[in-house]
Amino acid sequence: MIVKEIVRGTAEHEYSCLPAFSYMIGALNVGTTYSIIVNKVDCRFMYYFLSLGLCIKGFAYMRKAIAVDDTHLYDKYEGVLLSAVAQDTENHIYPITFCAVDKENDASWTFLFEKLKSIVVDGPDLCFIFDRHKSIANGIAKAYNHAHQGYCMRNLGKNLWVNHHCGEHLYLFYNATKAYSPKEFSDYFVEFKNYCPEAAFFLEHELGFEKLSRAYFPGNKFDMMTTNIVEYVNAMLIDERKYPMASIFN
C-alpha cells in the first residue's frame, strides 16, 4: 500500500490534482473537453467528465450508433465509471468519453448525456444501445429529443433465461431480434411465442418490438445489437479501475 501511494499518490491527492491534471491533458490534446463537479455544500466529489480532443474529432467518421454502460471503481472512495463507445465502418472500437461519478442515478447519467450532446449532435440518425437501465433511458430522453433508444440483445436474453426460464428456445429470440425484415422477425417470434408465451407477452407489450429488434427499429443500429463493445473497454480497464482517480485516465 505504501509503495502504491508513493507511485500513484493517495486517493485524496489524486482528487485534488484533477484540475491540474485536466489542464495538462487539454494542453497536450487540443480540443479536449472536461468538467469537474463537486457538491456545493461540502465540496465532495460528484462527477468528472473527460473526452479527448482526438476522440471528439474522430467521431465524425464513426457510425452513429453508441453503446453506453457503467462499471464499478474500486479505489478507496469507489464510485462508478460511465462510458460511451462507438465503432467505425470496420467494427473497430472507438471510445468517445468517460465520466467518473460518485453514484449511478438519473442525475449522473443526465450529466453525462448533457455533456455528450456538445460532442455528439442530436438527430434521427443517432441511436443509443444500453441494458434497459431506467436512469440511462431517462438521461437520454432529457438530453436528446430525436435520437433513438435500443436495448442490448444479450442483456434481454439473460433476462429471459433467468426470469422466464426459456433458455432452450432463446435461439428463436436471438434470430428474431437479428432479422432484417418484419416477415422474418414474425416467423421466428411466432415460434418463440408458442414455446414461451409469457416471455413473448413481456417483449411485445412491455418493451415493444421497436427497441429490441432490428426489423422494427426506427433508426439504424448497423451491427450493434449488444453493449459488448463498451464492456470490452471496461474489461481493458480492470486494473486501472483500482487506481486513484487521476491515474485512471493517465
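Along the sequence shown, the residues carry numbers beginning at 1.
- Using bins of under 30°, 30° to 60° and over 60° for the plane-to-plane angle, the ring pair Phe185/Phe189 lands in the parallel bin.
- Here the side chains of His133 and Glu104 are in contact, with some heavy-atom distance below 4.5 Å.
- Residues in residues 147-156 take part in these side chain to side chain donor-acceptor pair (under 3.5 Å) pairs, two or more places apart or across chains: Arg154-Asn228, Arg154-Glu231.
- Taken from NE2 in His164 to CD in Glu198, the straight-line distance is 7.5 Å, to the nearest 0.5 Å.
- Both Met62 and Leu126 are part of a single hydrophobic cluster, where members link through side-chain heavy atoms under 4.5 Å apart.
- Cys127 has its side chain within reach of Phe217: a pair of non-hydrogen atoms, C-beta onward, lies under 4.5 Å apart.
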Apply side chain to side chain contact (heavy atoms under 4.5 Å, CB included) to residues Ile129 and Lys221 and explain how you reach the verdict. CA-CA 8 Å; Ile129 308 299; Lys221 290 184 178 181; 4.1 Å; yes
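- Residues Val230 and Tyr144 fall into different hydrophobic clusters, defined by Ile, Leu, Val, Met, Phe, Trp and Tyr side chains chained together at heavy-atom separations under 4.5 Å.
- Note that CG of Leu81 and CG of Leu73 are 5.5 Å apart. Values are rounded to the nearest 0.5 Å.
- Val120 and Phe222 end up in different hydrophobic clusters when Ile, Leu, Val, Met, Phe, Trp and Tyr side chains are linked at under 4.5 Å.
- Judged by distance alone, with hydrogens and angles left aside, the side-chain atoms of Ser186 form no donor-acceptor pair with the main-chain N or O of Pro182 at under 3.5 Å.
- For the pair His72 and Val80, the tightest heavy-atom approach, listed with the atom from each and the gap, is ND1-CG2, 4.2 Å.
- Residue Arg63 forms a side-chain hydrogen bond (donor to acceptor under 3.5 Å, both in side chains) with just one option from Asn91, Thr89, Asp88, Asn220, and that option is Asn91.
- A distance-only check finds no donor-acceptor pair linking the side chain of Ser51 to the backbone of Thr33 [under 3.5 Å].
- In this structure, Phe21 CZ and Tyr15 OH are separated by 13.5 Å, a value rounded to the nearest 0.5 Å.
- Hydrophobic clustering places Val233 together with Tyr243 (ILVMFWY residues linked when any side-chain heavy atoms are closer than 4.5 Å, directly or through intermediates).
- Of all the heavy atoms in Pro95 and Cys55, the pair that sits closest is O-SG, 3.5 Å.
- Residue pairs that meet the side chain to side chain donor-acceptor pair (under 3.5 Å) test with at least one member in residues 35-47, sequence neighbours left out, are Arg44-Asp102.
- Nearest heavy atom pair, residue Phe173 against residue Met153, reads CE2-O, 3.7 Å.
- Using a 4.5 Å heavy-atom cutoff, the side chains of Tyr94 and Ile229 are not in contact.
- Side-chain contact check for Asn105 and Ser108: at least one donor-acceptor pair (N or O, by modelled atom type) lies under 3.5 Å.
- Nearest approach of Thr32 to Gly53, heavy atoms of both residues: OG1-N, 3.0 Å.
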Go through Tyr48 and Phe249 one step at a time and tell me if the ring-ring contact (aromatic ring centres under 6.0 Å, His included) criterion holds. CA-CA 11 Å; Tyr48 176 59; Phe249 306 101; 5.5 Å; yes
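- Here Lys178 contributes atom NZ and Ser213 contributes atom OG; the two are 13.5 Å apart, rounded to the nearest 0.5 Å.
- Heavy-atom neighbours of Glu240 CD from other residues, nucleotides or ligands within 6.0 Å: above the threshold of 12.
- Between Thr71 and Leu237 there is no side-chain heavy-atom pair separated by less than 4.5 Å.
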Show your working on side chain to side chain contact (heavy atoms under 4.5 Å, CB included) between Ile248 and Phe98 and close with a plain yes or no. CA-CA 10 Å; Ile248 296 173; Phe98 297 99; over 6 Å; no
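- Relative to the ring axis of Phe59, Lys64 places its NZ or CZ within 45° and under 6.0 Å from the centre.
- Among all heavy-atom pairs drawn from Ala84 and Ile66, the shortest one is CB-CG2, 3.9 Å.
- Distance OG/Ser83 to CG/Asp70: 8.5 Å, rounded to 0.5 Å.
- Using a 4.5 Å heavy-atom cutoff, the side chains of Phe111 and Lys115 are in contact.
- No side-chain donor-acceptor contact under 3.5 Å links Lys242 to the backbone of Asp75.
- How far CG of Asn159 is from SG of Cys166: 9.0 Å, rounded to the nearest 0.5 Å.
- Side chain of Arg241 to backbone of Asn234: a donor-acceptor contact under 3.5 angstrom is found.
- Other residues, nucleotides and ligands contribute only 12 or fewer heavy atoms inside 6.0 Å of the CD atom of Glu168.
- Environment of OH in Tyr216: crowded, with over 12 heavy atoms of neighbouring residues, nucleotides or ligands closer than 6.0 Å.
- Under the 4.5 Å side-chain criterion, counting only non-hydrogen atoms from C-beta, Asn29 is not in contact with Met24.
- Here the shortest heavy-atom pairing between Ala100 and Phe45 reads O-CZ, 3.5 Å.
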Run the numbers on Phe128 and Leu116 for side chain to side chain contact (heavy atoms under 4.5 Å, CB included), then give the verdict. CA-CA 12 Å; Phe128 292 96; Leu116 185 65; 3.9 Å; yes
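- With a 4.5 Å cut-off on side-chain heavy atoms, Phe49 and Leu82 do not count as touching.
- With a 4.5 Å cut-off on side-chain heavy atoms, Phe209 and Glu204 count as touching.
- Within a 6.0 Å sphere centred on CD1 of Ile238, heavy atoms belonging to other residues, nucleotides or ligands number 12 at most.
- Follow the hydrophobic side-chain contacts under 4.5 Å out from Val68 and you reach Leu156 in the same cluster.
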Would Tyr188 and Phe192 count as a side chain to side chain contact (heavy atoms under 4.5 Å, CB included) if you check the C-alpha gap in whole Å, the side-chain angles of each, and the deciding distance to 0.1 Å? CA-CA 6 Å; Tyr188 286 119; Phe192 177 75; over 6 Å; no
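- Aromatic ring orientation, His169 versus Tyr171: tilted (interplanar angle from 30° to 60°).
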